[in-house]
Amino acid sequence: MIEIFETNSPQETENLGKKLANDAVAGQVFTLIGDLGVGKTVFTQGFAAGLDITEAICSPTFTIVQVYDTGRLPFYHFDVYRIGDIEEMDEIGYEDYIYGDGVSLIEWANLIEDILPEHLTRITIEKNLEKGFDYRKITVESI
Ligand code: ADP
Ligand code: MG
């Protein structure tokens with residue numbers, strides 16, 4: 001199933017993240033794909049709020065994964081942008097997270113395509129400058 005959303009402010013993108021996380025269940029994996037500055041962190045902040053996590057989300061770029069345990073489900077936030085070798089994912093216990101009892105969200109998941117689970121919700125955020133500087137097209141696809 002594919003759904004397409006359009007937002008025109010960071011707040012709207014955050015709200016969409018929140019809405020999607022409200023319905024998230026244990027074991028669900030989301031991937032988040034989009035260029036630098038497109039709104040992945042904004043979306044993720046809303047997503048965390050939708051899991052009842054109130055703390056600020058910081059980008060886990062240097063640790064690959066950041067775990068938040070204060071929400072209604074554990075939240076595993078991955079950012080694999082700086083991954084050098086896919087084996088680094090084994091080293092951090094990647095499978096224990098994605099097949100675990102929390103909700104996983106993986107930024108730049110296209111870089112670890114080969115080891116993504118079979119079922120996931122793929123979220124793609126894109127700009128379209130013809131539609132304004134703050135316009136974002138957000139595609140949500142369950143596979
Ligand atoms: P990324 O994590 O993808 O690199 P960020 O979420 O850190 O990007 O930054 C997105 C930037 O775009 C923020 O400065 C935000 O205020 C701005 N922005 C403008 N319009 C939107 C929108 N519709 N949705 C999300 N962010 C937006
Ligand atoms: Mg970011």
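- In the hydrophobic clustering of this structure, L51 groups with L105; members are Ile, Leu, Val, Met, Phe, Trp, Tyr whose side-chain heavy atoms approach within less than 4.5 Å, directly or through other members.
- The shortest side-chain heavy-atom distance between D101 and P74 falls under the 4.5 Å cut-off.
- The neighbour count for E87 CD, taken as heavy atoms of other residues, nucleotides or ligands under 6.0 Å away, does not exceed 12.
- Looking at heavy atoms from C-beta onward, L120 lies in side-chain contact with R122 at the 4.5 angstrom threshold.
- Between F75 and F47, the ring planes lie tilted relative to each other; the angle falls in the 30° to 60° range.
- D134 CG to K127 NZ: the interatomic distance, rounded to the nearest 0.5 Å, is 9.0 Å.
- At a threshold of 4.0 Å, the pair E6-K137 does not count as salt-bridged, since none of the basic side-chain nitrogens sits closer than that to a carboxylate oxygen.
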May I have the list of side-chain donor-acceptor pairs in residues 23-43 shorter than 3.5 Å, sequence neighbours left out?
unit_1	atom_1	unit_2	atom_2	d
Q28	OE1	V25	N	3.0
K40	NZ	G34	O	2.9
K40	NZ	D35	O	3.0

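- Taken to the nearest 0.5 Å, the CD1 atom of I138 stands 4.0 Å off from the OG1 atom of T7.
- The side-chain heavy atoms of H77 and E107, taken from C-beta on, include a pair separated by under 4.5 Å.
- Note that CZ of F5 is 11.5 Å distant from OG1 of T13, once rounded to the nearest 0.5 Å.
- Both I86 and Y99 are part of a single hydrophobic cluster, where members link through side-chain heavy atoms under 4.5 Å apart.
- Counted by atom type alone, E12 and N8 present zero donor-acceptor pairs between their side chains at under 3.5 Å.
- Rounded to the nearest 0.5 angstrom, Y76 OH and I92 CD1 are separated by 12.0 Å.
- Residues in residues 107-143 take part in these ring pair (Phe, Tyr, Trp, His ring centres under 6.0 Å) pairs, two or more places apart or across chains: Y81-W108.
- Here the side chains of I123 and L20 are in contact, with some heavy-atom distance below 4.5 Å.
- By the 4.5 Å heavy-atom criterion applied to side chains, Y94 and I106 are counted as neighbours.
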side-chain contact (heavy atoms from CB on, under 4.5 Å) between T139 and E3, worked out: CA-CA 6 Å; T139 306; E3 283 179 286; over 6 Å; no
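- Between I112 and I83, the shortest heavy-atom contact is CG2-CD1, 4.4 Å.
- Taking the side chain as every heavy atom from C-beta outward, F78 and S104 approach each other to under 4.5 Å.
- One distance of note links CD of E118 with CD1 of I143; it measures 9.5 Å at 0.5 Å rounding.
- Hydrophobic clustering, with ILVMFWY side chains joined whenever heavy atoms are under 4.5 angstrom apart, groups L116 together with V65.
- Clustering of Ile, Leu, Val, Met, Phe, Trp and Tyr side chains at separations under 4.5 Å places I4 together with I2.
- Contact check for M89 versus I64: side-chain heavy atoms found under the 4.5 Å cut-off.
- By the criterion of side-chain heavy atoms lying less than 4.5 angstrom apart, applied directly or through intervening Ile, Leu, Val, Met, Phe, Trp or Tyr residues, L73 is grouped together with I53 in one hydrophobic cluster.
- Nearest heavy atoms, D69 versus V67: OD2-CG1, 3.9 Å.
- Distance CD/E88 to CZ/R82: 12.0 Å, rounded to 0.5 Å.
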